[in-house]
Amino acid sequence: MKNLVKFTQQLSTELSFKIWLSLIALTLVSASIGESGNTTIGTTLFVCVIVIIKGRWVINEFMGLKHASLFTQRIVKGYFYTMTFIVGLIVSYTQI
Amino acid sequence: MHISDCSALERHMELAIPKPVKSLKTPGSIAIWVFIYAELFEFGLFFIVFLIAKVYYPQEFYQGPSQLSTTTGLLNTLVLLTSSFFVVCAIKAIKRGEQKKTIMWLVMTIFAGLTYCGIKTWEYNLNENIGITPRTNYYFSSYYYITFNHLLHVLIGTCTIAFVTILTAFGFYTKDNHEGLESAASYWHMIDLVWILIFPLIYVLR
């Protein structure tokens with residue numbers, strides 16, 4: 001039991017644990033927007049911002065691409081940002 | 001030589017010697033990254049097809065998400081994010097040379113992968129109970145195409161993690177040699193990254 005408490009304390013101080021908690025919180029915000037059925041352009045853009053933040057954390061901290069070659073970083077980040085932009089643009093267009 | 005000359009010389013030497021630059025290293029092998037780029041391209045095409053269909057059939061795509069279970073979509077997102085965190089912990093453990101902890105985190109990742117598959121099966125059953133099939137309309141055809149494809153990737157990822165877990169148990173990966181484990185981890189993170197886009201696209205945005 002003592003070991004488990006020590007292990008949990010160690011884990012909670014790590015950056016990856018804090019990022020995981022933040023990812024969970026942002027996901028809950030997205031899901032609550034989905035459940036509310038709010039379909040304005042503003043909410044679409046807000047959800048896209050959440051997606052960008054989540055993707056950035058996963059790419060930089062979880063995948064560890066923060067210290068990867070610039071070529072890999074540019075491809076993965078470029079892909080993710082471009083796809084999110086296209087999603088935001090087309091979903092907003094259908095909401096006009 | 002005067003003392004001030006010595007210190008000037010030392011300063012000059014410091015400027016002349018280039019400071020060590022932290023090398024940029026992509027985790028995993030080059031082969032897995034080529035595979036990851038191909039997978040990202042594949043999912044990118046799915047997203048574009050989904051968005052084109054959304055422009056042509058806005059009513060179906062507007063009503064679609066409200067008929068799906070957001071709870072199962074949310075649970076799957078939480079499970080995948082948690083599994084990615086487990087993989088990060090496994091990589092940190094192997095870098096510290098802690099073999100047992102690495103195996104523990106990898107086993108938890110496998111468990112998360114299987115949980116994802118279980119939740120997805122439950123979601124498909126819920127859909128079937130209310131008469132939703134891939135032939136219902138264009139929204140649900142796209143939904144099944146994307147999510148089933150992603151489910152297959154989760155299954156492949158789970159098998160890969162299971163394989164590297166066995167290799168870790170046999171002592172194949174060490175503190176200094178764990179490129180294979182990093183490759184499997186990168187693939188798993190790619191699956192998570194793609195789901196971060198799928199979740200709002202299918203369940204949240206209308």
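By convention in this document, chain letters (A, B, ...) are assigned in the order of the sequence lines, proteins followed by strands, and residues within each chain are numbered from 1.
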Would you say Thr72(A) and Thr26(B) are linked by a side-chain donor-acceptor pair, where the criterion is simply a distance under 3.5 Å?
yes
Answer yes if the ring centres of Tyr203(B) and Phe199(B) are under 6.0 angstrom apart, and no otherwise.
yes
Between Val51(A) and chain B, with a heavy-atom cut-off of 4.5 Å, which part of the residue counts as in contact: side chain, backbone, both or neither?
both
Kindly assign one of parallel, tilted or perpendicular to the pair Tyr124(B) and Tyr143(B), based on the angle between their ring planes and the thresholds 30° and 60°.
perpendicular
Side chain from CB out, backbone as N, CA, C, O: work out which of these in Thr94(A) comes under 4.5 Å of a heavy atom of chain B, or both, or neither.
side chain
Part of Ile75(A) within contact of chain B (heavy atom distance under 4.5 Å):
side chain
Whatever's closer than 4.5 Å to a heavy atom in chain B on Phe62(A) counts as both
By a 4.5 Å heavy-atom criterion (distance strictly below it), what part of Ser66(B) contacts chain A: side chain, backbone, both, or neither?
neither
Hey, can you tell me if Tyr139(B) and Phe61(B) have their rings parallel, tilted or perpendicular (30° and 60° cut-offs)?
perpendicular
With a 4.5 angstrom heavy-atom cut-off, could you sort out which part of Val88(B) is near chain A: side chain, backbone, both or neither?
side chain
Choice from Ser84(B), Pro58(B), Gly28(B) maximising heavy atom contacts with chain A below 4.5 Å:
Ser84(B)
If you tally heavy-atom pairs under 4.5 Å against chain A, which of Ile36(B), Ile48(B), Thr77(B) wins?
Thr77(B)
Is the centre of the Phe46(B) ring less than 6.0 Å from the centre of the His150(B) ring?
no
Spacing of NZ belonging to Lys25(B) relative to CD belonging to Glu179(B), to within rounding of 0.5 Å:
5.5 Å
When heavy-atom pairs shorter than 4.5 Å are enumerated against chain A, which of Thr82(B), Ile91(B), Leu201(B), Val55(B) gives the highest number?
Thr82(B)
Pick one of side chain, backbone, both or neither for Thr71(B), based on which atoms fall under 4.5 Å of a heavy atom in chain A.
neither
Which bit of Val58(A) is near chain B, if near means a heavy-atom gap under 4.5 Å: side chain, backbone, both or neither?
side chain
Donor + acceptor pair across side chains of Thr70(B), Glu35(A) (<3.5 Å)
yes
Under 4.5 Å from a heavy atom of chain A, the part of Leu81(B) involved
both
Measure up the Tyr37(B) and Trp33(B) rings against each other and bin them: parallel (under 30°), tilted (30 to 60°), perpendicular (over 60°).
tilted
Check each atom of Ile86(A) against the heavy atoms of chain B and say whether the ones under 4.5 Å are side chain, backbone, both or neither.
both
Would you say Lys120(B) and Thr147(B) are linked by a side-chain donor-acceptor pair, where the criterion is simply a distance under 3.5 Å?
no
Under a 4.5 Å heavy-atom cut-off, does chain A meet the side chain of Tyr62(B), its backbone, both or neither?
side chain
